Colleague: 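Shown below is the structure under consideration.
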Amino acid sequence: MQTQVQLQGPFMYLIIWPILVILFIAGVVAAQIILRKKLGDRLKKAKQIRLKKISEATLEGKKKKYIGELIYIESDLMKNRITVRKAYHRMSKCIRGFVRDVTGLNVDKYSLYEISAIGIPQLTNLVREYYEPEFAREARVDARSSLMKTRMTIEGWRK
């Protein structure tokens, strides 16, 4: 009895690895496409902004409190107890605190981009106006005008 052994070339054994690599890459690409589609839809959905409801009396009390702060800021600025930069910093803190108290949104830590995304144009415009004098080394601005705009925004705020 005679048996014959036929050897196959080394290429036949190595073909499995490229096939596995191609299948792995195709699987990764497919998973990425599926995940991007699912997660992309979630990220695109606008967050529901829930504003807290406050009574008219509470709103009026908050208005008085924050207008009092603005008067104090203006007094300090006119008596040169604070710089224009510090005045703008305090105005920003004041309007953000007011919005936080009347809406429940913690805008004190929001950037200008995040503030513009929540859809309160008065706040967006004020914070945009404050940015340069608050962060620049030198800025030619009219702090009294900004104080008046901030005061008018607070006084005109509706529930």
Side-chain angles (χ1 to χ4, degrees), residues 20-159:
L20 289 175
V21 168
I22 290 170
L23 289 175
F24 178 75
I25 291 172
V28 168
V29 169
Q32 203 171 39
I33 290 170
I34 292 168
L35 285 176
R36 283 182 188 232
K37 183 171 177 139
K38 285 187 178 189
L39 292 178
D41 291 343
R42 286 185 189 169
L43 294 175
K44 287 179 185 176
K45 290 180 184 175
K47 289 184 178 178
Q48 292 279 337
I49 297 174
R50 294 183 185 180
L51 303 178
K52 75 177 184 182
K53 301 196 188 268
I54 60 172
S55 68
E56 193 67 37
T58 305
L59 178 61
E60 290 305 315
K62 297 294 181 186
K63 284 181 181 182
K64 286 180 185 176
K65 174 186 172 187
Y66 286 99
I67 289 172
E69 281 188 32
L70 289 175
I71 291 169
Y72 188 68
I73 293 168
E74 185 175 21
S75 171
D76 283 352
L77 184 62
M78 294 303 118
K79 293 178 182 175
N80 290 323
R81 285 186 257 176
I82 59 173
T83 63
V84 171
R85 184 178 187 174
K86 182 70 174 171
Y88 273 95
H89 177 70
R90 287 174 54 187
M91 278 188 276
S92 178
K93 194 173 178 182
C94 179
I95 191 66
R96 289 170 186 246
F98 173 75
V99 171
R100 181 197 61 233
D101 286 355
V102 298
T103 65
L105 297 174
N106 194 14
V107 294
D108 341 19
K109 296 171 180 56
Y110 284 15
S111 67
L112 179 60
Y113 176 77
E114 291 168 322
I115 288 172
S116 63
I118 62 174
I120 303 175
Q122 307 95 319
L123 179 63
T124 303
N125 293 336
L126 285 174
V127 171
R128 184 178 292 124
E129 184 175 326
Y130 300 158
Y131 256 45
E132 183 183 351
E134 193 176 357
F135 296 111
R137 289 182 188 243
E138 291 183 29
R140 296 182 187 266
V141 292
D142 183 10
R144 293 189 85 182
S145 171
S146 295
L147 278 162
M148 186 58 68
K149 288 177 187 175
T150 306
R151 183 179 184 147
M152 289 175 16
T153 299
I154 291 173
E155 287 175 346
W157 195 272
R158 302 282 176 243
K159 291 194 323 183

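Note that the structure is a prediction, hence the values are computed from the model and not measured.
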Colleague: Indicate yes or no: does Lys86 engage Asp76 in a salt bridge with an N to O separation below 4.0 Å.
Modeller: no
Colleague: Applying salt bridge (Lys or Arg N to Asp or Glu O under 4.0 Å), can you list everything that pairs with Lys64, at least two apart in sequence or on another chain?
Modeller: none
Colleague: Enter the distance from Tyr66:OH to Lys93:NZ here, rounded to the nearest 0.5 Å.
Modeller: 10.0 Å
Colleague: Report yes if the side chains of Leu59 and Glu56 come closer than 4.5 Å at any heavy-atom pair, otherwise no.
Modeller: yes
Colleague: Taking all atoms of both residues into account, what is the closest heavy-atom pair of Leu77 and Ala87, and its distance?
Modeller: CD1-CB, 4.0 Å
Colleague: Might you confirm whether atom CZ of Arg81 has over 12 heavy atoms from other residues, nucleotides or ligands at distances under 6.0 Å?
Modeller: yes
Colleague: Which value, rounded to the nearest 0.5 Å, describes the distance between Glu69 atom CD and Ile154 atom CD1?
Modeller: 8.0 Å
Colleague: For Val127 and Arg96, which heavy atoms make the closest approach, and how far apart are they?
Modeller: CG1-NH2, 3.3 Å
Colleague: What pair of heavy atoms forms the shortest contact from Glu155 to Arg158, and how long is it?
Modeller: O-NH1, 4.3 Å
Colleague: Minimum heavy-atom separation for Thr153 to Leu126, with atom names?
Modeller: OG1-CD1, 3.5 Å
Colleague: Check Asn106, Ile118, Val107 against Val99 for a side-chain contact (heavy atoms from CB on, under 4.5 Å) and give me the one that passes.
Modeller: Val107
Colleague: To the nearest 0.5 Å, how far apart are CD1 in Ile120 and CD1 in Ile115?
Modeller: 8.5 Å
Colleague: By side chain to side chain contact (heavy atoms under 4.5 Å, CB included), which residues pair with Arg85, not counting sequence neighbours?
Modeller: Thr83
Colleague: Please list, chain by chain and in numerical order, all residues satisfying salt bridge (Lys or Arg N to Asp or Glu O under 4.0 Å) with Asp108, sequence neighbours excluded.
Modeller: Arg100
Colleague: Going through the checks in order, is the side chain to side chain contact (heavy atoms under 4.5 Å, CB included) test met by Trp157 and Thr103?
Modeller: CA-CA 11 Å; Trp157 195 272; Thr103 65; 3.8 Å; yes
Colleague: Going by side chain to side chain contact (heavy atoms under 4.5 Å, CB included), name the residues that satisfy it together with Thr58, two or more places apart in sequence or in a different chain.
Modeller: Ile54, Ser55, Lys62
Colleague: Going by distance alone, is a donor N or O of one side chain under 3.5 Å from an acceptor N or O of the other, for Ser146 and Tyr88?
Modeller: yes
Colleague: Out of curiosity, Met91 CE to Lys149 NZ, how far, rounded to the nearest 0.5 Å?
Modeller: 10.5 Å
Colleague: What's the separation between atom CD in Glu74 and atom CD1 in Ile67, rounded to the nearest 0.5 Å?
Modeller: 12.0 Å
Colleague: Of all residues at least two apart in sequence or in a different chain, which pass the salt bridge (Lys or Arg N to Asp or Glu O under 4.0 Å) check with Arg128?
Modeller: none
Colleague: Suppose we screen for ring-ring contact (aromatic ring centres under 6.0 Å, His included). Which residues come up paired with Tyr72, at least two apart in sequence or across chains?
Modeller: none
Colleague: Say you draw a straight line from CD1 of Ile73 to OG1 of Thr150; how long is it, rounded to the nearest 0.5 Å?
Modeller: 8.0 Å
Colleague: Is Ile71 close to Arg151 at the side-chain level, that is, under 4.5 Å between some pair of heavy atoms?
Modeller: yes
Colleague: Of the non-hydrogen atoms in Val141 and Pro133, which two are nearest, and what is the gap between them?
Modeller: CG1-CG, 3.7 Å
Colleague: More than 12 heavy atoms of other residues, nucleotides or ligands under 6.0 Å from NZ of Lys63: yes or no?
Modeller: yes
Colleague: Which pair of heavy atoms, one from Ser116 and one from Thr124, lies closest together, and at what distance?
Modeller: CA-OG1, 3.5 Å
Colleague: Is atom CE of Met148 surrounded by more than 12 heavy atoms (other residues, nucleotides or ligands) closer than 6.0 Å?
Modeller: no
